[in-house]
Number of protein chains: 2
Amino acid sequence: MPWAPARGHNETMASDRSAGPTAIPVEQRRIVADEVRLPPGAMPEGTQGRILCEALRLFAERGFYGTSIRDLAQACGIRSATLYAHFPTKEHVLAELVRVGHESHHARLLGAGGTDPVSRLRAVVRAHVLAHAEYPLLAVVANNELHALSPEMAAPALLIRADGRQLLLDTLDAGVDAGVFHVPDTFMATTAISGMGMRVANWYDRGLPYTPEEIADTYAEFALRVAGVGHA
Amino acid sequence: MPWAPARGHNETMASDRSAGPTAIPVEQRRIVADEVRLPPGAMPEGTQGRILCEALRLFAERGFYGTSIRDLAQACGIRSATLYAHFPTKEHVLAELVRVGHESHHARLLGAGGTDPVSRLRAVVRAHVLAHAEYPLLAVVANNELHALSPEMAAPALLIRADGRQLLLDTLDAGVDAGVFHVPDTFMATTAISGMGMRVANWYDRGLPYTPEEIADTYAEFALRVAGVGHA
DNA sequence: CCTACCGATCGGTAGG
DNA sequence: CCTACCGATCGGTAGG
């Protein structure tokens with residue numbers, strides 16, 4: 001359907017790895033990044049933290065339903081029954097990753113500064129994109145596995161999303177009201193700006209010749225252009 | 001993690017549906033649209049077509065692994081064993097949806113006209129966005145369930161994606177070379193423009209006060225702005 | 001398109 | 001944190 005870009009540097013059609021630069025690069029099926037990382041303070045000590053990290057890796061790669069509790073336990077070096085000494089159910093493991101993902105993202109949004117519309121939008125978009133580029137596995141799990149949670153367990157994340165969405169919409173509306181932004185429709189500008197940032201989690205990987213900061217800066221520039229602030 | 005916007009008009013926190021406009025709208029967990037539709041010519045006659053349609057609905061809502069062959073059969077009004085008279089395996093049902101999604105999207109891209117860079121980019125982005133707004137369930141399945149296919153069965157879709165990606169990149173590069181576009185980095189402009197369009201499938205729904213055409217037009221305008229073509 | 005059934009695996013529990 | 005085990009469900013097949 002799409003083009004979810006990526007330079008496809010971790011998979012090739014050729015089974016011969018020495019095929020060299022002429023090998024056809026094939027994009028990832030879901031996510032390019034493979035570095036398991038959780039925000040500071042979000043990772044519990046000991047086995048509980050190990051379970052979260054392995055779940056992050058497996059859920060990002062195979063999905064929640066595609067990962068059995070035995071897969072997860074084996075990755076942690078324990079028996080499946082031992083998981084239940086740390087989490088009440090498999091769903092609670094996902095719920096914790098979803099919670100951490102949404103809360104850390106939202107905290108960055110709330111921490112975004114900026115007083116005038118331009119610096120404000122730049123700060124908000126930078127925060128949004130940085131969260132996705134620095135924690136791509138977490139973002140993919142939080143975004144794409146949310147449907148595996150029951151409505152009750154998904155509800156907190158959905159409330160956080162609604163708040164973040166409103167924050168971006170308010171930022172755009174304020175700029176329009178101030179006559180600084182020129183946007184045909186601020187709802188669609190919100191979907192466009194948030195959407196482009198979310199997809200960063202699917203293609204970004206540390207093997208690319210960009211730092212997360214560079215991506216955040218460039219995407220903030222794109223967002224300002226969408227908002228009708230001409231380029232320099 | 002994100003804000004995948006949507007006006008949340010099909011779910012509310014309140015169990016009382018008569019709560020009225022003060023009810024807090026809660027966004028969908030994965031996709032807002034629920035209208036099952038396949039591109040013209042992509043739906044086989046009879047039971048095989050019915051299986052594809054029900055699979056589209058169930059895979060979009062619950063995912064491939066979250067849908068059992070008994071769920072699918074029941075939705076079609078047949079027994080699970082009968083599925084195997086129409087498809088070799090469950091995976092082949094998904095593969096067919098992924099194929100249809102990618103091929104119909106790609107056909108629209110290839111059909112996009114435009115000679116000068118501005119009209120060319122507009123046509124390509126319109127095609128991209130229209131495919132996602134008119135067939136949101138198909139787009140979500142093709143994009144988000146691709147990881148459930150084996151590498152062999154996912155390969156054709158990945159090749160199509162690579163081609164579409166290159167088409168957009170070439171469009172941007174041509175505009176830059178012609179001095180019409182002004183972009184700090186065409187790779188990132190490609191990821192941004194394709195990403196914003198892909199996310200349309202997650203939030204768009206016919207209940208919103210926009211037609212797919214209006215969304216495509218507005219997103220094409222946003223893409224031109226990202227490309228450094230100032231707004232009118 | 002069905003009934004009947006296969007072995008494998010699922011999430012989770014008992015009891016220590 | 002383990003062994004042992006539960007009933008339920010999984011994708012798929014045999015045979016008609």
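Residue numbers begin at 1 in each chain, while the letters A, B, ... track the order of the sequences. Because only heavy atoms are used, hydrogens play no part in the values below, and waters and symmetry mates are left out as well, while side chains stay in.
Following rounding to the nearest Å, B:Gln74 (CD) and C:dC1 (P) show an atom-to-atom distance of 16 Å.
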Subject >> Per-nucleotide protein contact string for nucleotides 5-16 of chain C (B base, S sugar-phosphate only, - none; heavy atom under 4.0 Å) >> reply: -----BBBB---

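If you check the side chains of A:Tyr219 and B:Thr191, you find a donor sitting under 3.5 Å from an acceptor.
The salt bridge (charged side-chain N to carboxylate O under 4.0 Å, His left out) pairs that include a residue from residues 76-97 of chain B are B:Glu96-B:Arg99, where partners are two or more places apart or lie in different chains. Applying the salt bridge (charged side-chain N to carboxylate O under 4.0 Å, His left out) rule to pairs touching residues 126-143 of chain A yields A:Arg108-A:Glu134, A:Arg126-A:Glu213, A:Arg126-A:Asp217, sequence neighbours excluded. The side-chain hydrogen bond (donor to acceptor under 3.5 Å, both in side chains) analysis of residues 42-51 of chain A, with sequence neighbours excluded, yields the pairs A:Thr47-A:Arg50. Evaluation of the salt bridge (charged side-chain N to carboxylate O under 4.0 Å, His left out) test over residues 64-74 of chain B, restricted to residues two or more places apart or in two chains, returns B:Arg62-B:Asp71.
Listed by chain and number, the residues in a side-chain contact (heavy atoms from CB on, under 4.5 Å) with A:Ala55 are A:Phe59, A:Leu72, A:Val93, A:Leu97 (sequence neighbours excluded). Contacts of A:Ala95 classified as side-chain contact (heavy atoms from CB on, under 4.5 Å), with partners at least two apart in sequence or in another chain: A:Leu149, A:Met153. For B:Thr186, the side-chain hydrogen bond (donor to acceptor under 3.5 Å, both in side chains) test picks out B:Asp173, with sequence neighbours left out.
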**OP:** Any chance you could encode DNA chain D as dot-bracket? Rule is Watson-Crick or G-U wobble with both distances under 3.5 Å; [ ] for pairs crossing earlier ones, | for another strand.
**Re:** ||||||||||||||||

